[in-house]
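Below: the structure, in structure tokens.
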Amino acid sequence: MKYLFFFCSLFLSQIIYGQKLGLSDYEKPELLLKLEAYEKEGEAFKSLGFQLDDKRHSVSIPLDVIPFASSEYFHIGFLTDFGRISDLAAAPIVLVNSSPWEKEYTVALVAENLEMFVALLCEVQTAHVYDYLTFRKNGTAEAYDEWQYEAVYLSQAQISEPLSKDAWIQQLQADRVKAVQYLKKHIGDVRIDDVGSYLETLNQKRSNEISMETQDGLGIIVSGAAQPIKDFDYEGEVTPDQVNKYLSEASKHERLRFYRDATFGELNETYLFERMDKDEAKQLKKVMADYLAEDGCEYEARVLKKYYK
């Protein structure tokens, strides 16, 4: 009987801890599973400005970012630096803006790992971290909630009988207290006392460690000695054959930078898919996916095949 219990326990643990995230081969961190459990209980993190969501809704998301949550106009994801980080619990967290209007950032580093991101949520009580900090320079937390009522809640077309501002903010704050209590229970004493200083230090550390800069501002950290980078010539007409020739002669460092820049956002001058007709774009996708796979970037190759047209 004890053996049956052992194997049942082993099977259940594989179900709980062996779940993959999105299209990736990465296992979900235990803390992410705790967040999912909260939503499965019928609760939600909307009061903190996000919901769990591993789908990619925008090509602004870097190929090597694995999304796990979304909000009104941005995604939240794990940055792996093209597989350099193998454990998502240790992966930096980024916000990816996908709004049609201009924001202060397109991709922003927000935490060194998921645990610190949860600590950040507990401190500012919203996933809209940079918007919140910008707003607080000239306002109060109460004014930020009032802005959310006007700009977010009332903008939802499906609301036929909206709550009053006072009633909505009261409910929002009550839901926040409950969500934050749940989060704190799972990170213990981990906390961030000065959010502004934390973000400044975090981004400076990333800047010091990157091996090469990229159009999205994140840069890439690559293991191994630094190498001179010969960039792809994005000026003028670009064809799949030109891309194939460049990638065949490029170092892995150069290819990684190309993968990031060539797929970064429709409005960026290095984004190649908008510059080709349908057939050429299809050829380009195959060329890039093949090289990604050769470089061991299987997840990124899957993303390219599924989401880029």
Side-chain angles (χ1 to χ4, degrees), residues 19-29 32-33 35-36 39 45-46 49-89 91-101 103 105-111 113-114 117 127-130 214-220 256-268 270-276 278 281-282 284-293 295-309:
Q19 298 182 49
K20 307 300 182 181
L21 182 57
L23 293 175
S24 79
D25 293 323
Y26 289 86
E27 290 190 4
K28 295 179 181 179
L32 179 57
L33 293 173
L35 302 188
E36 290 181 349
E39 287 198 345
F45 293 108
K46 288 186 178 180
F50 74 97
Q51 61 186 5
L52 298 179
D53 179 6
D54 64 6
K55 297 179 178 61
R56 302 177 73 97
H57 302 285
S58 169
V59 294
S60 294
I61 301 175
L63 282 181
D64 54 332
V65 166
I66 305 175
F68 67 89
S70 64
S71 186
E72 290 87 2
Y73 57 82
F74 67 85
H75 294 77
I76 309 168
F78 298 100
L79 173 63
T80 71
D81 281 318
F82 291 97
R84 181 183 65 87
I85 295 176
S86 58
D87 180 3
L88 290 186
I93 307 299
V94 296
L95 305 182
V96 184
N97 174 38
S98 56
S99 70
W101 58 90
K103 303 294 292 183
Y105 63 88
T106 300
V107 185
L109 183 63
V110 74
N113 54 48
L114 183 58
F117 178 66
H128 298 241
V129 178
Y130 285 97
T214 53
Q215 291 289 322
D216 53 27
L218 284 177
I220 304 175
L256 292 182
R257 183 180 184 184
F258 175 82
Y259 300 146
R260 188 79 82 64
D261 287 349
T263 58
F264 174 55
E266 300 98 324
L267 301 180
N268 193 285
T270 62
Y271 184 76
L272 296 186
F273 287 89
E274 287 291 327
R275 298 168 60 174
M276 299 182 178
K278 186 176 180 179
K282 186 176 180 179
L284 173 64
K285 184 164 66 171
K286 185 180 185 312
V287 167
M288 291 182 63
D290 287 346
Y291 278 101
L292 279 163
D295 284 329
C297 304
E298 297 287 350
Y299 165 73
E300 292 81 1
R302 289 186 211 118
V303 168
L304 190 75
K305 289 176 181 177
K306 182 170 182 178
Y307 291 101
Y308 286 77
K309 307 299 180 183

- Grab the two heavy atoms, one from Ala89 and one from Pro29, that are nearest each other, plus how far apart they are. N-CG, 3.7 Å
- Could you tell me whether the side chain of Gln19 reaches within less than 4.5 Å of the side chain of Glu27, counting heavy atoms only? no
- Between Val96 and Pro62, which heavy-atom pair has the shortest distance, and what is it? CG2-CD, 4.1 Å
- Would a 4.5 Å heavy-atom cut-off, applied to side chains only, mark Leu272 and Met288 as touching? no
- Task: Dump the intermediate steps for side chain to side chain contact (heavy atoms under 4.5 Å, CB included) on Ile85 and Tyr26, then the final yes or no.
- Result: CA-CA 10 Å; Ile85 295 176; Tyr26 289 86; 5.7 Å; no
- Task: Would you mind reporting whether Val110 and Phe117 have side-chain heavy atoms less than 4.5 Å apart?
- Result: yes
- Can you check whether Phe273 reaches Thr263 side chain to side chain, under 4.5 Å on heavy atoms? yes
- Query: Is the shortest heavy-atom distance from the side chain of Phe78 to the side chain of Val65 under 4.5 Å?
  - Reply: no
- Query: How far does CG of Leu79 sit from CG of Leu88, to the nearest 0.5 angstrom?
  - Reply: 10.5 Å
- Task: Write down the atom of Gly49, the atom of Ser71, and the distance for their closest heavy-atom approach.
- Result: O-OG, 2.6 Å
- Message: I want to check something: taking the side chain as every heavy atom from C-beta on, are Thr214 and Phe264 in contact at a cut-off of under 4.5 Å?
- Response: no
- Tyr299 backbone acceptor or donor facing Ser24 side chain under 3.5 Å: no
- Ala289 and Lys305: which non-hydrogen atoms are nearest, and at how many Å? CB-CE, 3.7 Å
- Message: Among residues at least two apart in sequence or on other chains, which ones pass side chain to side chain donor-acceptor pair (under 3.5 Å) with Asp54?
- Response: none
- Task: Look at the rings of Phe50 and Phe45 and say which category their plane angle falls in: under 30° parallel, 30 to 60° tilted, over 60° perpendicular.
- Result: parallel
- Query: Hey, what do you get for NZ (Lys55) to NE2 (His75), rounding to the nearest 0.5 Å?
  - Reply: 10.5 Å
- Test side chain to side chain contact (heavy atoms under 4.5 Å, CB included) applied to Ile76 and Ile93, step by step: CA-CA 7 Å; Ile76 309 168; Ile93 307 299; 3.6 Å; yes
- Message: To check you understand the geometry: which heavy-atom pair defines the closest contact between Ala127 and Phe74, and what is its length?
- Response: O-CZ, 3.6 Å
- Applying side chain to side chain contact (heavy atoms under 4.5 Å, CB included), run through Arg260 and Leu256 and close with a yes or a no. CA-CA 6 Å; Arg260 188 79 82 64; Leu256 292 182; over 6 Å; no
- Message: Are Asp64 and Cys297 packed together at the side-chain level, in the sense that at least one heavy-atom pair is separated by less than 4.5 angstrom?
- Response: no
- Going from CG on Asp216 to CG on Asn268, what distance comes out if it is rounded to the nearest 0.5 angstrom? 8.5 Å
- Quick one: CD1 on Ile61 to CG on Asn97, what's the gap to the nearest 0.5 Å? 11.0 Å
- Message: Is there a side-chain contact between Glu300 and Thr80 in this structure, where contact means two heavy atoms from C-beta onward sitting under 4.5 Å apart?
- Response: yes
- Message: Between Gln215 (side chain only) and Thr270 (backbone N and O only), is there a donor and an acceptor less than 3.5 Å apart?
- Response: no
- Please round to the nearest 0.5 Å and tell me the distance separating atom NZ of Lys286 and atom OH of Tyr291. 10.5 Å
- Could you give me the CA-CA distance, side-chain angles and deciding distance for Ser70 and Asp53, then say whether side chain to side chain donor-acceptor pair (under 3.5 Å) is met? CA-CA 6 Å; Ser70 64; Asp53 179 6; 3.1 Å; yes
- Message: Restricting to non-hydrogen atoms, name the atom on Ser60 and the atom on Thr106 that form the minimum distance, rounded to 0.1 Å.
- Response: CB-CG2, 4.5 Å
- Mind checking the CG-CG spacing from Leu109 to Leu218? Nearest 0.5 Å is all I need. 7.0 Å
- Over 60° means perpendicular and under 30° means parallel, so classify the ring planes of Phe82 and Tyr259, tilted if in between. tilted
- Note on the structure: Lys278 meets the side chain to side chain contact (heavy atoms under 4.5 Å, CB included) criterion, sequence neighbours left out, with none
- Message: List the residues meeting side chain to side chain contact (heavy atoms under 4.5 Å, CB included) with Tyr307, not counting sequence neighbours, and say none if there are none.
- Response: Leu23, Arg56, Val303
- Quick one: do Lys46 and Gln51 satisfy side chain to side chain contact (heavy atoms under 4.5 Å, CB included)? Show the steps, please. CA-CA 6 Å; Lys46 288 186 178 180; Gln51 61 186 5; 3.4 Å; yes
